[in-house]
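Encoded as structure tokens, the structure appears first; notes follow it.
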Amino acid sequence: MSRPKNDVFLRALLGEPTPYTPVWIMRQAGRYLPEYNQTRARAGSFLDLCKSPDFATEVTLQPLARFPLDAAILFSDILTIPDAMGLGLYFAEGEGPRFERPLRDERDIGKLSAPDPTTQLRYVLDAVTQIRKALAGAVPLLGFSGSPFTLACYMIEGRGGGDFLETRKMLYERPELMHHILEINARAVTDYLNAQIEAGVQAVMIFDSWGGVLAGEAFHEFSLRYIERVCAQLRREREGQKIPRIVFTKGGGLWLESLAQCGADALGLDWTVDIGTARARVGDRVALQGNLDPAVLLATPEVIRREAARILAGYGYGNGHVFNLGHGISQFTPPENVAALVDAVHSDSPQFH
């Protein structure tokens, strides 16, 4: 497993020297790209798009054909695991993901088990193999999963967004049930990410999208503890190459010091955090990824260049920065604005290295 021709992303995650700051974009293969929408229409549905290795490969490569990004991210969804657990994932038009059988009943929770990724999630692993072949060593491929707590939010609520009252009620009222779900989810996430590594991803990211809804003590007990468990059991290298791991807790700026000790090589920052302050708080324990407000990409190219320069200067001189957004790209983003951002980062960042 030789390093890709452009390995700046991997080196930055490991805190190694790089000639410039690498950049990729959360949800970079998505609805802001006309070609993505055309492929999705051909696939018939979002789930069919995810479950076809051919389509997943096609859309993973689309942003790389347009922009000189420094990493590809596997096209998939964080809800593949609960879908494989039999909760009945479907997507309501304009309303996002739904589960037919959310976890509310103690008996259902007792029957929950971690899927075998090599059989029940084989389509994801086949996509990884196919994408790696198609990339031909140009840039690294990033794999990912939802965090155990974030998956639990969808599994209990039966949908995304909102205030997750059912989930939070359960963790206070029946913590033993919540821990049972989280233990199984942690096993599932570990197995899934290790299977992705075995199939060929060169870095992994854990999306703790909803950890930030928790009170501080609850975050440490019900989210961070299980992220630590996953990180401790992830395969550290494959064929002599280190596999960096990124952890992104949206709304997690309060807990950066704790997150820096979770076993990750890099922390993703949302846009509410000042990146210079974050770097001062975590030192060189972890690299940092982020953290442009996605709304900036709706402004003019001049504004985009100014805001990108501000974040690069905020991080300052040295290694360990991967430029990204503070959350996923908006579907309303003009593609030419993404081109302006990538160009700005690549042209402005060498002075900091």
Side-chain angles (χ1 to χ4, degrees), residues 1-2 4-6 9 24-93 96-99 115-146 151 188-189 191-205 207 238-239 243 328-329 331 333 335 338:
M1 185 173 165
S2 59
K5 290 189 270 287
N6 174 357
F9 169 68
W24 70 279
I25 289 167
M26 283 191 269
R27 223 180 281 148
Q28 65 189 21
R31 287 180 289 175
Y32 75 103
L33 290 175
E35 56 269 39
Y36 168 87
N37 293 317
Q38 288 160 12
T39 307
R40 180 170 168 165
R42 278 178 26 237
S45 74
F46 178 73
L47 268 182
D48 289 335
L49 190 62
C50 288
K51 292 189 174 185
S52 158
D54 288 346
F55 283 137
T57 301
E58 188 177 318
V59 294
T60 298
L61 298 177
Q62 283 170 347
L64 298 165
R66 266 192 189 255
F67 318 114
L69 295 155
D70 295 292
I73 181 167
L74 164 69
F75 183 80
S76 187
D77 192 86
I78 64 169
L79 299 179
T80 49
I81 288 176
D83 182 45
M85 290 172 165
L87 272 62
L89 176 64
Y90 69 100
F91 284 81
E93 194 56 49
R98 293 274 196 279
F99 284 108
D116 177 353
T118 61
T119 54
Q120 291 160 284
L121 292 163
R122 166 57 56 190
Y123 65 91
V124 177
L125 307 182
D126 289 346
V128 170
T129 306
Q130 207 168 310
I131 294 162
R132 275 297 307 274
K133 192 174 176 186
L135 284 170
V139 294
L141 177 61
L142 175 63
F144 70 92
S145 171
L151 296 181
V189 170
D191 291 349
Y192 184 44
L193 289 177
N194 278 333
Q196 289 184 35
I197 292 167
E198 187 58 39
V201 302
Q202 291 143 296
V204 292
M205 182 161 169
F207 285 89
R238 181 168 180 261
E239 294 176 10
I243 310 290
I329 188 170
Q331 70 185 83
T333 303
V338 176

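Just so you know, these numbers use all the heavy atoms, side chains as well, and skip hydrogens, waters and symmetry mates. We count residues from 1, following the sequence as given.
Side-chain contact between Ile73 and Thr60: absent, with no pair of heavy atoms (C-beta onward) separated by less than 4.5 Å. A heavy-atom distance below 4.5 Å is found between the side chains of Val338 and Ile329. Side-chain contact between Phe9 and Val139 is absent, with no heavy atoms from C-beta onward closer than 4.5 Å. Residues Leu193 and Val189 form a side-chain contact, since some pair of their non-hydrogen atoms from C-beta on lies under 4.5 Å apart. Side-chain contact check for Pro335 versus Pro34: some heavy-atom pair is nearer than 4.5 Å. Counting heavy atoms from C-beta outward, Phe207 and Met26 have side chains that approach closer than 4.5 Å.
Annotation: the span from Gln130 atom CD to Leu61 atom CG amounts to 9.5 Å, rounded to 0.5 Å. From Ile81, atom CD1 reaches atom CG of Leu121 across 7.0 Å, with rounding to the nearest 0.5 Å. Rounding to the nearest 0.5 angstrom, the gap separating the CZ atom in Arg98 from the CG atom in Leu79 is 12.0 Å. Taking CG of Leu142 as the reference point, atom CG of Asp70 lies at 12.5 Å (rounded to 0.5 Å). Between the CG atom in Leu135 and the CG atom in Asn6 there is a gap of 11.0 Å [rounded to 0.5 Å].
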Next item on the list: Please assess Leu74 against Val124 for the test side-chain contact (heavy atoms from CB on, under 4.5 Å), listing each intermediate value before the final yes or no.
Entry: CA-CA 9 Å; Leu74 164 69; Val124 177; 3.8 Å; yes
Note to self: Go through it in stages, so that I can follow the logic: the residues are Gln202 and Arg238, the test is side-chain contact (heavy atoms from CB on, under 4.5 Å), and I'd like the CA-CA distance, side-chain angles, deciding distance and then a yes or no.
What the structure shows: CA-CA 9 Å; Gln202 291 143 296; Arg238 181 168 180 261; over 6 Å; no
Check: Can Thr80 and Asp77 be said to form a side chain to side chain donor-acceptor pair (under 3.5 Å), step by step?
Finding: CA-CA 6 Å; Thr80 49; Asp77 192 86; over 6 Å; no
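Arg40 contributes no side-chain N or O that, together with a main-chain N or O of Leu49, makes up a donor-acceptor pair within less than 3.5 Å. No side-chain donor-acceptor contact under 3.5 Å links Gln120 to the backbone of Pro115. The main-chain N or O of Asp48 is never found under 3.5 Å from a side-chain atom of Ser52 such that the two would form a donor-acceptor pair. A donor-acceptor contact shorter than 3.5 Å is absent between the side chain of Lys51 and the backbone of Phe46. With Gln196 contributing its side chain and Phe144 its backbone, the two residues share a donor-acceptor pair below 3.5 Å. Side-chain atoms of Gln28 come within 3.5 Å of backbone N or O of Ile25 as a donor-acceptor pair.
Residues Val201 and Ile243 approach most closely at O-CD1, 4.0 Å, considering heavy atoms. Of all the heavy atoms in Glu35 and Gln62, the pair that sits closest is O-NE2, 3.3 Å. Of all non-hydrogen atoms in Ile78 and Ser145, the two that sit nearest each other are CG2-C, 4.2 Å. Considering all non-hydrogen atoms of both residues, Phe99 and Asp83 come closest at CE2-N, 4.1 Å. Nearest heavy atom pair, residue Ser76 against residue Cys50, reads C-SG, 4.1 Å. Summarising the geometry of Ala71 relative to Leu64, their closest heavy-atom pair is O-CD2, 3.7 Å, with the distance given to 0.1 Å.
In summary, Glu58 and Arg42 engage in a salt bridge, as defined by a charged side-chain N under 4.0 Å from a carboxylate O.
In this structure, the ring of Phe75 has its center less than 6.0 angstrom from the ring center of Tyr36.
Taking the six-membered ring where the residue is Trp, Tyr32 and Phe67 present parallel rings, their angle staying beneath 30° rather than reaching 60°.
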